[in-house]
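Chain letters run A, B, ... following the sequence lines, proteins first and then strands; every chain starts at 1.
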2 protein chains.
Amino acid sequence: MSQLRQEIGLSEHLSAAGYRLTAPRRAVLQVLEEARTHLHPEEVLKRARLIYPGLGRATVYRTLALLTGLGLLRPIRLGGSPRLARVTEGHHHLVCLACGHSFSFEECLEGELEEELAQRFNFKIKGHLLEFYGLCADCRGE
Amino acid sequence: MSQLRQEIGLSEHLSAAGYRLTAPRRAVLQVLEEARTHLHPEEVLKRARLIYPGLGRATVYRTLALLTGLGLLRPIRLGGSPRLARVTEGHHHLVCLACGHSFSFEECLEGELEEELAQRFNFKIKGHLLEFYGLCADCRGE
DNA sequence: GCCTTAATTGAGACATCGTCTCAATTATAC
DNA sequence: GTATAATTGAGACGATGTCTCAATTAAGGC
Ligand SMILES: [Mn+2]
Ligand SMILES: [Mn+2]
Ligand SMILES: [Zn+2]
Ligand SMILES: [Zn+2]
């Protein structure tokens with residue numbers, strides 16, 4: 001019996017939590033699932049309107065808040081601008097304080113710490129973010 | 001000869017970088033140096049006006065941007081609201097995605113990684129931020 | 001399939017936050 | 001002191017995010 005990894009989408013989570021699956025929400029969810037980068041909230045609105053033209057700004061923000069409250073989404077801030085990230089993605093960045101550019105890396109050291117903190121604070125940890133910040137080569141004028 | 005640890009203030013950094021030391025800026029710097037928490041930018045404005053009443057909003061944001069560009073200050077986001085932090089402070093938080101409350105911890109694992117990344121990206125690292133996020137006990141209804 | 005009903009919606013006013021322009025002020029070097 | 005360029009506050013402006021409310025609609029019970 002091959003045990004296939006069950007990929008649970010955002011919409012399954014939403015309805016499992018007792019929220020209605022409406023057309024406006026589906027549009028927002030689709031945009032989030034198809035996004036390959038950390039999207040700006042207004043970019044989510046723009047893209048979702050291509051799927052569901054009448055979509056209101058408030059609905060987008062309401063849906064984003066819903067997903068955040070469920071621990072599925074995470075608002076981050078990269079180089080001054082607000083972005084959205086799936087909680088399960090790793091976020092490891094170097095961010096330049098002068099120009100805002102960011103660079104990604106993959107190393108992850110937080111496994112051990114996570115368990116310890118979860119116990120100490122009675123906290124259900126869903127993800128983490130590690131940022132180093134400083135000045136990039138360009139901004140140091142080198 | 002006792003080697004006293006020289007505490008260099010923000011204003012010394014500013015003038016060393018060739019910026020003028022004006023009364024409005026001094027007020028902002030004083031607020032930042034006396035702050036015991038991560039301040040909201042608008043809170044900086046309010047407090048600095050107690051020192052220098054005529055202070056304009058733009059001047060505050062301009063000064064904050066200056067300090068950020070020099071790598072002395074770091075805009076962070078805690079539970080949905082923008083905050084300012086001294087770059088040299090450690091920032092290790094658990095943040096609840098539902099209510100926004102945050103908890104601090106002290107453990108720090110990033111020393112080794114820091115050097116490696118600085119080389120790889122030719123980046124001058126000034127500080128870091130480590131956040132775990134998830135759901136606190138209250139928000140899980142326990 | 002219909003009905004009922006509470007959840008959800010979009011419009012648009014509103015609030016907050018942050019930026020920009022420009023004429024007036026002022027820190028600094030000489 | 002003077003010259004000069006940096007810096008300032010006012011206030012318009014733009015962007016982002018929230019709120020209210022009447023209209024719509026998903027979902028469950030029949
Ligand atoms: Mn990691
Ligand atoms: Mn650390
Ligand atoms: Zn840079
Ligand atoms: Zn919470």
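- Heavy-atom nearest nucleotides on DNA chain C were determined for A:A23 and for B:S15, and the one closer to the 5' end corresponds to A:A23.
- In this entry the distance linking CG of A:L84 with C1' of D:dT16 reads 13 Å, nearest Å.
- Between A:L10 and A:E33, the shortest heavy-atom contact is N-OE2, 2.8 Å.
- Residues B:Y61 and B:E42 have side chains that bring a donor and an acceptor to within less than 3.5 angstrom of each other.
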Worksheet item: Could you walk me through whether A:L67 and A:L14 pass the side chain to side chain contact (heavy atoms under 4.5 Å, CB included) check?
Response: CA-CA 8 Å; A:L67 295 170; A:L14 258 199; 4.1 Å; yes
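- One can place CG of B:L14 at 15 Å from C1' of D:dT8, the figure rounded to the nearest angstrom.
- Between the CZ atom of B:R20 and the C1' atom of C:dA27 there is a distance of 4 Å, rounded to whole Å.
- Summarising the geometry, the separation between OH on B:Y19 and P on D:dT8 is reported as 12 Å, rounded to the nearest angstrom.
- The phosphate of D:dA6 has neither OP1 nor OP2 within less than 4.0 Å of any side-chain N or O from B:T22.
- Remark: P of D:dA26 and CG of A:L21 are 10 Å apart, rounded to the nearest angstrom.
- For the segment residues 64-76 of chain B, no residue has any heavy atom less than 4.0 angstrom from an atom of DNA chain C.
- What separates OH of B:Y61 from C1' of C:dG18 is a distance of 6 Å, to the nearest Å.
- Annotation: proximity of residues 26-37 of chain B to DNA chain C (heavy atom, distance under 4.0 Å) is found for no residue.
- Between A:E43 and A:R83, no side-chain nitrogen of the basic residue sits less than 4.0 Å from a carboxylate oxygen of the acidic one, so the salt-bridge criterion is not met.
- Contact check, A:H40 against D:dT16: a side-chain N or O comes under 4.0 Å of OP1 or OP2.
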Worksheet item: Going through the checks in order, is the side chain to side chain donor-acceptor pair (under 3.5 Å) test met by A:E34 and A:Q30?
Response: CA-CA 6 Å; A:E34 290 177 353; A:Q30 184 183 331; 3.3 Å; yes
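- The pair A:R86-A:E89 fails the salt-bridge criterion, with no side-chain N (NZ, NE, NH1 or NH2) lying under 4.0 Å from an Asp/Glu carboxylate O.
- In this structure a side-chain-to-backbone donor-acceptor pair under 3.5 Å is missing from A:R77 to B:I76.
- Between C:dA6, D:dG17, C:dT9, one nucleotide has an atom nearer to the side chain of A:R25 than all others, and that is C:dT9.
- If you measure from atom CZ of B:R83 to atom C1' of C:dC17, you get 14 Å, rounded to the nearest angstrom.
- Two rings, from A:H128 and A:H92, have their centers less than 6.0 Å apart.
- Between B:F103 and A:F123, the angle of the ring planes goes over 60°, which puts this pair in the perpendicular group of the 30/60° scheme.
- Side chains of B:H93 and B:H101: a donor-acceptor N/O pair is absent below 3.5 angstrom, by distance only.
- Taking every heavy atom of residues 41-58 of chain B and every atom of DNA chain C, pairs under 4.0 Å involve B:P41, B:E42, B:R57, B:A58, by number.
- Proximity of a side-chain donor or acceptor of A:R25 to a complementary backbone N or O of A:R20 within less than 3.5 Å is detected.
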